[in-house]
Every structure is written in C-alpha cells, then in structure tokens.
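Read the numbers this way: they start at 1 and go in the same order the structure lists the ligands and their atoms.
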Amino acid sequence: MSIKLSIPRGIIYHSLLEDIKWLTCSLFVRLDDREIILGFEREFAKFMSAKHCVAFPFARTAIYFAIKNQMFPKGAEIIMPPITIKGILDVILQLELKPVFVDIDPDTLCFDELKFAESINSNTKAVIFTYLFGIVPNMSGLMSIAKSNNLFVVEDFSQCLNGKFGDQKVGTFGDVGIYSASSIKTLDTYGGGLLITNSDKIFSAMISEQAKLEKSNRFVLIRKILTDIIRNLATNRFVFSFFVFHLLKILNLISPTSVIQQTGDRQKSMISLMPKEWFQLFTSLQAKIGLSIIPRIEQEDSERVRNVEKLKFKIKPEAVIFPKGVNGATNVYWQLIGCIHHQEVQSKMQHFGVDTARSSLLQISALKAYPYQGVTPNATNLYNTGYFVPSYPKLSDKDLNRIAEAFNSLVENPQT
Ligand SMILES: *Cc1c(COP(=O)(O)O)cnc(C)c1O
C-alpha cells in the first residue's frame with residue numbers, strides 16, 4: 001500500500017538544510033560587511049536590468065524613504081492598492097499623506113484602468129502599483145495614465161519577481177521598484193526591502209538614507225530564520241501529512257478564521273510609532289544568502305508556471321474562477337489564486353488531502369481602525385472568495401491531478 005501524502009497550501013523557498021546552515025552562520029558571522037552588501041545590490045540590479053539597487057530592512061522602509069524623498073505637501077494623495085500588507089499603509093500615514101484606494105480589475109488583480117484614471121485629481125502625487133499573486137497587468141495602459149498625470153510611480157513587485165510586460169520586467173517601469181525579500185517570497189533573504197531605480201538622483205538620496213539606518217540586530221535576524229525553519233518544518237510533506245494537516249482539521253473546528261488565512265490572523269489595529277526594527281540595516285549575511293538564491297529563481301519560476309498551466313487546464317472553470325490576465329504579460333503566479341463560491345472549501349479539500357488557504361494580506365481599504373477607507377468591491381470579492389491552489393515547484397503530476405480532482409469536486413453533485 002502506498003501512503004498518500006497531504007499537500008500543504010504553500011512552501012518556503014529554502015530547503016530545511018539551508019535554513020539550518022544560515023541559522024548557524026547567523027549566530028557568529030559579521031553582519032556589516034559593506035562589500036558583500038554592495039555586491040548583492042549590484043547583482044540584484046543586474047538581474048532586474050536596473051541601474052541601481054539599495055537594500056533596506058523591509059519593503060515598507062524602502063517605500064517610506066522613496067516617498068519621503070519626494071517631499072510631497074501634507075495631505076497629498078497617494079493611490080494605493082486595496083489589498084497589500086498593512087505596513088505600507090502605515091508608512092504613508094506616518095508621512096501625513098492621504099491614501100486613496102482604487103479597486104482592482106478581476107482579470108489582473110491590479111488597478112482597473114478606468115477607476116485609476118477617475119481617481120486622479122490635482123492633489124494626487126503618486127501611485128503604488130502592486131502586482132498581486134504574480135499577475136502582470138497592462139503596463140502600457142497604466143503607465144500612460146500615470147505619466148500623463150505626472151505621478152511619481154512606485155512598483156511593489158514583491159509577489160511578481162521576474163514578471164514581464166512585453167520584454168520588460170515589472171519593477172523597472174516606474175520611478176522606483178520595491179521588492180520584499182521576506183518569508184514565503186521566491187527570493188527570501190529572511191527579510192529585506194530591495195529598492196531599484198534608474199535615476200541617479202533617487203539613488204544618491206536612497207544611499208544617504210541607508211547610511212543613516214541603525215546597526216542591525218543579530219537577534220532579530222535569528223528570530224526570522226527560526227520563523228522560516230518552523231514554517232519549513234510545518235510544510236515538510238511528512239511532518240505536514242502526519243501532524244500539521246490533522247492539527248489544522250482540529251483547529252478548523254475551534255477557530256476557522258485563524259486557519260483560513262495562509263499565515264494566520266494579522267494585527268489590524270493602527271500603529272502610532274514605527275517600530276525601530278523597520279530602520280535597522282540589511283545585513284551582509286542576508287546579502288550573501290540573496291547572492292546564493294538569484295541563480296536558481298528562474299528555474300523555480302518555470303516549474304511553478306508549468307504547474308499552473310497544467311492546473312488551469314485540468315480545473316473546471318465552474319469550480320474556480322482564475323484571473324484571465326492580459327496579452328503581452330508574462331505572469332509568474334507567485335501563488336495561484338482563484339475565486340470560489342462555495343461555503344466549505346477547506347473541509348471539502350481536506351477530504352482529498354489538499355490544504356488550501358485564503359491570502360493573509362489585508363484588505364487595507366476596509367480597516368475599521370484607520371481613518372481612510374475605500375469602496376473596492378472587486379478587492380472585497382477576491383479577499384472573501386480567493387483561495388490558493390497549491391502550484392509550487394516540486395509537486396508531482398500525481399499531486400497536480402489530485403489537486404485538480406479536489407477543486408473539481410466542488411461542482412459535482414453531492415451524492416453521498
Ligand atoms: C510580502 C509583501 C510585502 C512585505 O513587505 P515588508 O515591508 O518587507 O514586510 C510588501 N508588499 C507585498 C505586496 C507583499 O506581498
């Protein structure tokens with residue numbers, strides 16, 4: 001008899017062995033070797049075909065400095081995605097700017113072009129394009145709206161590393177591109193915010209902000225590596241099948257909301273002060289880790305994209321509604337998300353040994369504790385009905401068949 005291993009919702013893009021190696025290093029190696037950090041910045045810029053790269057500890061930190069540097073007047077409007085991490089909203093508010101949320105286009109999960117154009121007024125100064133789940137929108141349409149209105153363009157390509165429109169990588173269309181090298185991303189250096197730009201002026205301003213950051217804290221780095229180790233162990237196929245999967249089933253009965261999102265419930269209250277951790281230097285160990293990962297990203301991307309293509313072919317359109325995408329785009333599908341209108345998705349999937357989850361990003365346009373909200377029905381729909389279809393590298397054809405079968409079961413007549 002062969003054992004059918006359960007399929008976890010997602011993975012960490014490091015092996016456990018690598019995590020343990022980097023944990024060991026983090027205990028004693030030097031963390032402030034400028035040469036290594038410069039080497040990584042240069043290599044990442046080259047990988048992106050951008051002129052410059054400056055490494056910050058978080059994507060939110062990079063966005064904070066990129067926008068602060070523009071010295072927009074108080075209350076200037078910044079167009080933001082309705083779904084992203086809360087830290088980005090926090091830094092915009094710290095800069096005393098006004099977030100304006102524009103709804104997504106269900107086909108691309110980025111701004112609806114018409115709604116984007118309509119939301120611009122004389123007080124609008126910048127826009128943050130965010131490529132959710134590795135889908136690329138029509139960049140020529142979006143960029144021409146931004147440029148004709150003189151907006152400062154920030155691209156958050158944390159979920160879309162290597163995505164392209166035409167033959168240009170996302171992250172290089174705007175004034176700055178920001179990548180978060182945090183846990184569960186495809187280039188994960190245990191945290192980091194990599195800012196890329198072709199502007200010498202922005203580059204020199206960012207370098208001087210980077211130089212003012214505080215010394216990094218070794219314990220913070222160790223804690224981040226430990227977090228990845230725990231996630232890595234939890235999503236190991238054996239540990240997951242014999243332990244975590246059953247634990248999730250039990251938890252699902254006790255507290256469904258904590259299980260339904262990929263990494264659990266997130267803090268939703270407003271912050272008054274930005275934590276110190278956001279302003280500590282990116283370390284040379286993280287740079288070294290980044291250098292070791294860059295050469296394999298494309299291979300992992302193409303394995304994942306191949307899985308996605310197979311799954312989209314096998315899963316019935318009545319079961320899962322996938323974003324259609326646009327012509328000219330090369331999507332990387334960091335996570336394959338689709339909308340499902342069914343009440344008990346997780347328990348149905350568990351039947352087949354397939355784990356799924358909804359995104360743990362927040363719908364920042366609907367946070368009750370915050371002063372600004374937005375009407376973004378498409379984002380609300382994605383937030384409430386979007387589930388991940390496991391598609392990461394290393395899944396076998398048998399796994400993919402089982403995943404498709406599980407999702408297809410949602411539209412079959414319940415006979416039993
Ligand atoms: C993961 C992620 C981030 C993370 O930002 P940090 O400030 O580095 O934690 C930012 N934006 C998006 C879209 C993300 O998915």
Near Ser182 (heavy-atom distance under 4.0 Å), the atoms of ligand 1 are 1 (C)

Ignoring hydrogens and geometry beyond distance, is a side-chain donor-acceptor pair present between Asp156 and Tyr179 at under 3.5 Å? no

Arg60 heavy atoms within 4.0 Å reach ligand 1 at atoms 6 (P), 7 (O), 9 (O)

Margin query: Quiz question: by atom type and distance under 3.5 Å, do the side chains of Thr380 and Gln363 form a donor-acceptor pair?
Written below: yes

**Check ion pair Glu41-Lys46 (N to O, under 4.0 angstrom)** = no

Whether the Asn138 and Ser140 side chains hold a donor-acceptor pair (N or O, under 3.5 Å, no angle test) is what I'd like checked. yes

Atoms of ligand 1 under 4.0 Å from any heavy atom of Ala59, numbered from 1 in the order shown, are 5 (O), 6 (P), 7 (O), 8 (O)

* To do: Kindly indicate whether a cation-pi arrangement holds for Lys169 with Phe47, taking the cut-offs as under 6.0 Å to the six-membered ring centre and within 45° of the axis.
  => yes

In ligand 1, the atoms that come under 4.0 Å of a heavy atom of Thr130 are 13 (C)

Of all protein heavy atoms, the one nearest atom 13 (C) of ligand 1 is Asp156 OD2, 3.4 Å

- Message: Between ligand 1 and Trp334, is the shortest N or O to N or O distance under 3.5 Å?
- Response: no

Residue, atom and distance of the protein heavy atom nearest atom 4 (C) of ligand 1 read Ser180 OG, 3.1 Å

Contacts of Glu344 meeting salt bridge (charged side-chain N to carboxylate O under 4.0 Å, His left out) (sequence neighbours excluded), chain-then-number -> none

Numbered in order shown, the ligand 1 atoms found under 4.0 Å of a heavy atom of Ile88 are 10 (C), 11 (N)

Tell me if the centroids of the rings in Phe56 and Phe282 come within less than 6.0 Å of each other. no

Of all protein heavy atoms, the one nearest atom 15 (O) of ligand 1 is Gln159 NE2, 2.7 Å

is_close_aromatic(Phe58, Phe279), centroid dist under 6.0 Å: no

| query | Do any N/O atoms on Lys185 end up under 3.5 angstrom from N/O atoms on ligand 1? | reply | yes

Ranked by distance from atom 5 (O) of ligand 1, the top protein heavy atom is Ile85 CD1, 3.1 Å

